[in-house]
Amino acid sequence: MIYNFTRTILMDALSKLGVDNVQIILEKPKNSDFGDLSTNIAMQLAKQLKKAPRLIAQDLIDNLNIDNNFVQKVEIAGAGFINFWFSPFFFQKMLSDISIASENYGKQTIGNGQKVLVEYVSANPTGMLHIGHGRNGVIGDTLANLYDFLGYDVTREYYFNNAGNQMRNLAKSVYVRYRQLTDAPDFEMPEDGYFAEYIIEIAKKYIVENGTEFIEQNDKNLQKFQKFAEIINFENIKKTLIDLNIHQDTYFNENHLYESGKIQALLDKLKVKDLIYEKEDALWLRLSALGLENDRVAVKSTGEPTYRLPDIAYHIEKFERGYDKIVDIFGSDHIATIPDVIAVVKALGYDTDRIDVVIHQFITLTENGQQVKMSKRSGKSYTLDELIEEVGADVVRFFLLMRGVNTHLEFDLNLAKEQSDKNPVFYLQYAHARICSIFEKIEKGNIQVKFSNNLSGINESVEFELIKKLAEFPYIIQDATKNAEPHILSDYLRELASIFHNFYHNCRIIGEEALIMSGRLALATATKNIIANGLNILGISSPEKM
RNA sequence: GGUUCCGUAGCUCAGUAGGAUAGAGCACAAGUUUCCUAAACUUGGGGCCACAGGUUCGAAUCCUGUCGGGACCGCCA
C-alpha cells in the first residue's frame with residue numbers, strides 16, 4: 001500500500017516534469033533515520049536530465065501532491081535520495097486494510113487462472129528417497145503452493161521411468177539377494193548393482209509372499225522381481241512424500257511416451273527438420289546446428305533411445321497439454337543436459353520462454369562438524385525417512401528451504417535435532433503459539449473485548465514497524481515466486497516473527513484500555529494469519545501451543 | 001581441458017534491476033521476568049565482501065583475469 005501510494009504520487013510529479021516511462025525503485029531504508037520508504041529516482045535520472053541529483057529531487061518534491069493525512073515528512077538526503085515518513089493515520093489505515101482481508105491477506109489473482117505445471121521429485125522407483133530428493137521435492141512443492149496462492153491453476157507432477165537400465169539393475173540386485181537368501185549364499189552381486197540394505201528387505205519380503213523355491217535367472221523371472229521391487233519402492237516413496245507434506249497430483253510414466261507413439265512422432269519431426277542423422281549405427285541430434293557445442297546421441301546403436309529423446313518428447317507433451325507455464329525442478333547434475341533439451345524443443349517451434357528451469361545445488365550433511373558422506377554405491381546414504389524420523393518433518397522442510405536454491409546447503413544434523421531456541425523453526429512457530437495463547441487467555445478469562453474499526457489506539461513505533469512488515473507480505477510472495485526462491489519467504493517470516501516478539505515484549509494487550517487493546521488485538525491477529533499462511537505455503541505446521 | 005554454481009563476521013548464510021554507516025542467526029560477553037508462554041527481549045565486540053585490474057559521481061553487486069571448493073562434461077538417467 002505505501003508502495004503503490006508513493007509510486008503514484010511520484011509518477012504524477014515526474015510527469016509534471018515531463019519524465020515518463022521510468023521505473024521507480026522504492027526501498028525500505030536499512031537505517032530508520034532515512035524514513036519509512038526511500039527512492040533513488042533522482043540519481044537514476046541524473047544522466048538523462050543532465051542535472052545534479054539533489055536538484056532533481058528538489059524539483060520532484062516541489063511537484064509532489066502530498067496529502068498531509070498520509071505523509072508526515074519528505075526529505076532529501078545523501079547524494080539525492082528522497083525519503084518519506086508516513087503518518088500514524090496511514091499506518092492505522094494499512095492495518096485496517098490488512099484486517100479486512102483477514103486470512104486472505106496476500107492472496108492474489110495475478111495468476112488469473114493460468115495453468116502451471118510444476119514437476120518435481122521425479123525419482124525413478126529404484127530405491128528410497130534421499131536428502132537430495134528431499135530438497136528437490138520441498139522446493140517444488142513450495143513453489144507450487146506459491147503459484148497456487150497467486151491464483152494460478154497448478155498441477156503437481158511426478159515423472160518417472162520404470163523401464164531401462166537402472167530398473168534392470170535393480171531387478172538383478174533383488175534377484176541376487178534372493179538367491180543369497182535361498183539356495184546360493186555366494187551368489188555374486190553385479191558390480192554396478194544396488195548394495196543398500198533395503199534391497200535385502202525387498203528380497204525377504206518376496207520370500208514371505210512367494211516362498212523360497214528355486215528361481216532361474218532369465219528375463220521373464222527378472223521382470224517379476226522388477227515389478228515386485230518397483231511396487232514396494234513406490235509405496236515407500238509415496239509414504240515418505242506424504243510424511244514430508246509433499247503432494248503430487250499426477251504421475252507421468254515415461255513409458256507412455258513410447259506407447260502413445262509420441263517418441264516415434266518426435267523422431268519423424270526431427271528427420272523432417274533435418275535435426276537428426278545416422279552415424280556409426282546410432283542416431284545423432286544435430287545440436288551443433290542449434291548453436292550448441294556437440295552433437296549428441298538420441299538413439300543408441302542398440303536401438304534404445306537415450307534419455308534425451310523422451311525428455312524432449314515429455315516437454316512437448318507438457319506444451320500440448322496446454323500449460324501456460326512449465327516449471328522443472330532439477331538437481332545441478334542435470335545442468336549440462338538442459339540446454340540440449342530446450343534447444344530442440346525450441347527448434348520444433350515451441351515457446352520455450354514459458355519453461356522455467358529451477359536448478360538447485362547439492363546438500364552436504366554434517367554431524368558433529370564432520371561431513372557425512374552420501375554414496376549411492378555403498379548404500380550408506382542417509383535416507384529421507386531416517387532424517388524425518390530423527391528431526392521431524394517441519395524441521396526438515398525448513399532446513400531445506402531456508403537457503404537459496406543455488407547454494408550448496410549444509411544440513412547440520414546437530415542443529416536440526418536441537419529442540420531448543422537455537423533451532424530457527426521454533427522461533428517462527430513460537431510467535432504463532434504466543435499469539436494463540438493470548439486469545440486463549442481472553443477466552444478463558446472471560447475478558448471483554450470491544451472490536452472496533454477505530455485503530456487510533458495504535459501509536460507506538462514498534463507497532464508501526466510491525467504494520468510495515470505485515471504490509472510487505474504480498475510483495476514477498478510475488479518475489480519468492482518470480483525468483484523461484486522459497487527462502488525469500490522463510491527469511492521474511494523470521495524477520496516478521498522477530499518484530500512481533502519485540503512488539504510483544506514492549507506492548508501489553510490484555511488489560512490495556514479498550515481502544516489500545518482492540519488495536520493491538522487486530523495487530524496480533526493479522527500477524528498470526530500471515531505467519532500461519534506463510535508457514536502453510538512452506539508446508540510447515542503452525543502449532544497453537546508449544 | 002571445457003561448462004556451471006559457490007567464495008561476505010569464528011560457524012551457517014542474506015544482500016548481486018550499481019547507492020546512504022555491508023546485514024541476520026548461531027557462538028562469545030553483559031543485562032531484562034510481582035506483568036498475555038524467557039523456545040522471548042535489550043546491549044556489546046567481531047569484516048582486505050577470495051585476490052588483482054577495469055567500467056563511473058558511486059562496485060560485495062557489472063566486465064576481464066587469477067586462486068580455492070562443489071556439480072556436470074557417455075551410445076548412463
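Letters A, B, ... are given to chains in the order of the sequence lines, protein chains preceding strands, and every chain is numbered from 1.
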Trainee: Rounded to the nearest Å, what distance is computed from the CD1 atom of residue A/I476 to the C1' atom of nucleotide B/A14?
Mentor: 12 Å
Trainee: Is the distance between the ring centroids of A/F252 and A/Y314 less than 6.0 Å?
Mentor: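 Yes; A/Y314 has its ring centre under 6.0 Å from that of A/F252.
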Trainee: Which value, in whole Å, describes the distance between the P atoms of nucleotides B/C73 and B/G65?
Mentor: 25 Å
Trainee: Can you work out whether A/T39 or A/I438 has the more 5'-proximal nearest nucleotide on RNA chain B?
Mentor: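 That would be A/T39.
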Trainee: What distance, rounded to whole Å, do you find between the two P atoms, one in B/G25 and one in B/C35?
Mentor: 28 Å
Trainee: Tell me the interatomic distance from A/I435, atom CD1, to B/A40, atom C1', rounded to whole angstroms.
Mentor: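 In whole Å, B/A40 C1' and A/I435 CD1 are 13 Å from each other.
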Trainee: What does B/G58 pair with, Watson-Crick or G-U, if both distances are under 3.5 Å?
Mentor: none
Trainee: Mark up nucleotides 67-77 of chain B, 5' to 3', with B wherever a protein heavy atom is under 4.0 angstrom from a base atom, S wherever such an atom reaches only the sugar-phosphate, and - elsewhere.
Mentor: --BBSSSSBSB
Trainee: Separation of A/E410 atom CD from B/C5 atom P, in whole Å?
Mentor: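 Taking atom P of B/C5 as the reference, CD of A/E410 is at 22 Å.
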Trainee: Determine the Euclidean distance between corresponding P atoms of B/G10 and B/C49; express it in Å to zero decimal places.
Mentor: 12 Å
Trainee: So what does A/N83 hit on the nucleic acid, given a heavy-atom distance under 4.0 Å: a base, only sugar-phosphate, or nothing?
Mentor: base
Trainee: Please report the interatomic distance CG(A/D479) to CD(A/E472), rounded to the nearest 0.5 Å.
Mentor: 10.0 Å
Trainee: Think A/K422 has a side-chain N or O under 4.0 angstrom from the OP1 or OP2 of B/G25?
Mentor: no
Trainee: With rounding to whole Å, what would you report as the distance between B/U64 and B/A77 at their C1' atoms?
Mentor: 37 Å
Trainee: Looking for any heavy atom pair under 4.0 Å, which part of the strands does A/K545 touch: base, sugar-phosphate only, or nothing?
Mentor: base
Trainee: Do A/K51 and A/D59 meet the salt-bridge criterion of a basic N to acidic O distance under 4.0 Å?
Mentor: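 So A/D59 pairs with A/K51 through a salt bridge.
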Trainee: Which one, B/U21, B/A17, B/A14, comes nearest to the side chain of A/D33?
Mentor: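 Nucleotide nearest to A/D33's side chain: B/U21.
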Trainee: Look at the aromatic rings of A/F500 and A/F503 and report parallel, tilted or perpendicular, splitting at 30° and 60°.
Mentor: tilted
Trainee: Which of these nucleotides, B/A38, B/A39, B/C35, is closest to any side-chain atom of A/Y504?
Mentor: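 Taking heavy atoms from C-beta onward, the closest nucleotide is B/A38.
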Trainee: Base, sugar-phosphate, or nothing: which does A/A433 touch, judged by heavy atoms less than 4.0 Å apart?
Mentor: base
Trainee: With sugar-phosphate meaning primed atoms plus P, OP1 and OP2, does A/E544 contact a base, only sugar-phosphate, or nothing at under 4.0 Å between heavy atoms?
Mentor: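 Counting heavy atoms under 4.0 Å across all strands, the contact made by A/E544 includes a base.
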Trainee: Kindly label the base of B/A17 as syn or anti, based on whether its glycosidic torsion lies within 90° of 0.
Mentor: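 This nucleotide is in syn.
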Trainee: Do we see A/Y427 stacking on the base of B/A39, given a limit of 5.5 Å between centres and 30° between planes?
Mentor: no
Trainee: What is the ring orientation for A/Y475 with A/Y3, classed by angle as parallel under 30°, tilted 30 to 60°, or perpendicular over 60°?
Mentor: tilted
Trainee: To the side chain of A/H487, which of B/C36, B/A40, B/A14 is closest?
Mentor: B/A14
Trainee: Could you tell me whether A/G369 contacts a base, only the sugar-phosphate backbone, or nothing, with contacts defined as non-hydrogen atoms closer than 4.0 Å?
Mentor: nothing
Trainee: So, for A/Y159 and A/Y251, is the gap between ring centers shorter than 6.0 Å?
Mentor: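 No: the rings miss the under 6.0 Å criterion.
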Trainee: I'd like the C1' distance from B/A60 over to B/A9, given in whole Å.
Mentor: 14 Å
Trainee: Of the nucleotides B/C41, B/U12, B/C36, which has the atom closest to the A/H501 side chain?
Mentor: B/C41
Trainee: With a 4.0 Å cut-off, would you call A/R434 and A/E440 a salt bridge?
Mentor: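 Salt bridge: no.
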Trainee: Regarding A/L283, tell me which of base, sugar-phosphate or nothing describes its non-hydrogen contacts under 4.0 Å with the strands shown.
Mentor: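 Answer is nothing: A/L283 stays at 4.0 Å or more from every strand.
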Trainee: A/C507 near the nucleic acid: base, sugar-phosphate alone, or nothing, with a heavy-atom cut-off under 4.0 Å?
Mentor: base
Trainee: With heavy atoms under 4.0 Å as the rule, sort A/E293 into base, sugar-phosphate or nothing.
Mentor: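 Touches nothing.
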Trainee: Out of curiosity, A/L455 CG to A/I516 CD1, how far, rounded to the nearest 0.5 Å?
Mentor: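 So the CG of A/L455 and the CD1 of A/I516 are separated by 12.5 Å.
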Trainee: B/U8 and B/G44: how far apart are their P atoms, nearest whole angstrom?
Mentor: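 Comparing P positions in B/U8 and B/G44 gives a spacing of 25 Å.
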Trainee: In this structure, how many angstroms lie between the P atom of B/A17 and the NZ atom of A/K482, rounded?
Mentor: 10 Å
Trainee: Select base, sugar-phosphate, or nothing to describe what A/A77 touches, counting heavy atoms under 4.0 Å on all strands.
Mentor: base
Trainee: If you measure from the Lys or Arg side-chain nitrogens to the Asp or Glu carboxylate oxygens, is any gap between A/R508 and A/E512 under 4.0 Å?
Mentor: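 No, A/R508 and A/E512 are not salt-bridged.
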Trainee: Is there a side-chain contact between A/Q478 and A/K482 (heavy atoms, below 4.5 Å)?
Mentor: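 No - every pair of side-chain heavy atoms lies 4.5 Å or more apart.
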Trainee: Quick check on B/U42: is either OP1 or OP2 less than 4.0 Å from any side-chain nitrogen or oxygen of A/N502?
Mentor: yes
Trainee: If pairing requires Watson-Crick or G-U wobble contacts with both distances under 3.5 Å, which nucleotide is the partner of B/G1?
Mentor: B/C73
Trainee: Between B/G15 and B/U61, how many Å separate the two C1' atoms, rounded to a whole number?
Mentor: 9 Å
Trainee: Is it the case that the base of B/U12 and the side chain of A/D412 share a donor-acceptor contact (distance under 3.5 Å, atom types as modelled)?
Mentor: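 Donor-acceptor pair under 3.5 Å: no.
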Trainee: Taking atom P of B/A40 as reference, at what distance in whole Å does atom NE2 of A/H505 sit?
Mentor: 13 Å
Trainee: Can you identify which nucleotide, out of B/A17, B/U12, B/A40, has its nearest atom closest to the A/R434 side chain?
Mentor: B/A40
Trainee: Once you round it to whole Å, what is the distance between P of B/C11 and CD of A/Q370?
Mentor: 16 Å
Trainee: For B/U34, give its Watson-Crick or G-U wobble partner with both distances under 3.5 Å, or none.
Mentor: none
Trainee: Return the nucleotide paired to B/A17: Watson-Crick means purine N1 to pyrimidine N3 with N6-O4 or O6-N4, wobble means G-U with N1-O2 and O6-N3, both under 3.5 Å.
Mentor: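 Checking every strand shown, B/A17 finds no partner, since no pair has both distances under 3.5 Å.
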Trainee: With C1' as the reference atom in both, quote the distance from B/A22 to B/G18 in angstrom, rounded to an integer.
Mentor: 14 Å
Trainee: Whether the side chain of A/N423 engages the backbone of A/Q419 through a donor-acceptor N/O pair (distance < 3.5 Å, no angle test) should be reported.
Mentor: no
Trainee: Which residue, A/I82 or A/F503, contacts RNA chain B at a nucleotide closer to its 5' end, judged by nearest heavy atom?
Mentor: A/I82
Trainee: Could you state the atom-to-atom distance from CZ of A/R135 to C1' of B/C5 in whole Å?
Mentor: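 Distance check: A/R135 CZ to B/C5 C1' gives 11 Å.
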Trainee: Using the benzene-type ring in the case of Trp, are the ring centres of A/H360 and A/F330 under 6.0 Å apart?
Mentor: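 Between A/H360 and A/F330, the centre distance exceeds or equals 6.0 Å.
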Trainee: What is the pairing partner of B/A29, taking Watson-Crick or G-U wobble pairs with both distances under 3.5 Å in any strand?
Mentor: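 Base partner found: B/U43.
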Trainee: Between B/C57 atom C1' and A/I56 atom CD1, what is the distance in whole Å?
Mentor: 13 Å
Trainee: Under a 3.5 Å limit for both distances, which nucleotide forms a Watson-Crick or G-U wobble pair with B/A9, could you say?
Mentor: none
Trainee: Could you check which nucleotide pairs with B/A52 in any of the strands shown, counting Watson-Crick or G-U wobble with both distances under 3.5 Å?
Mentor: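 Pairing partner, where one exists within any strand: B/U64.
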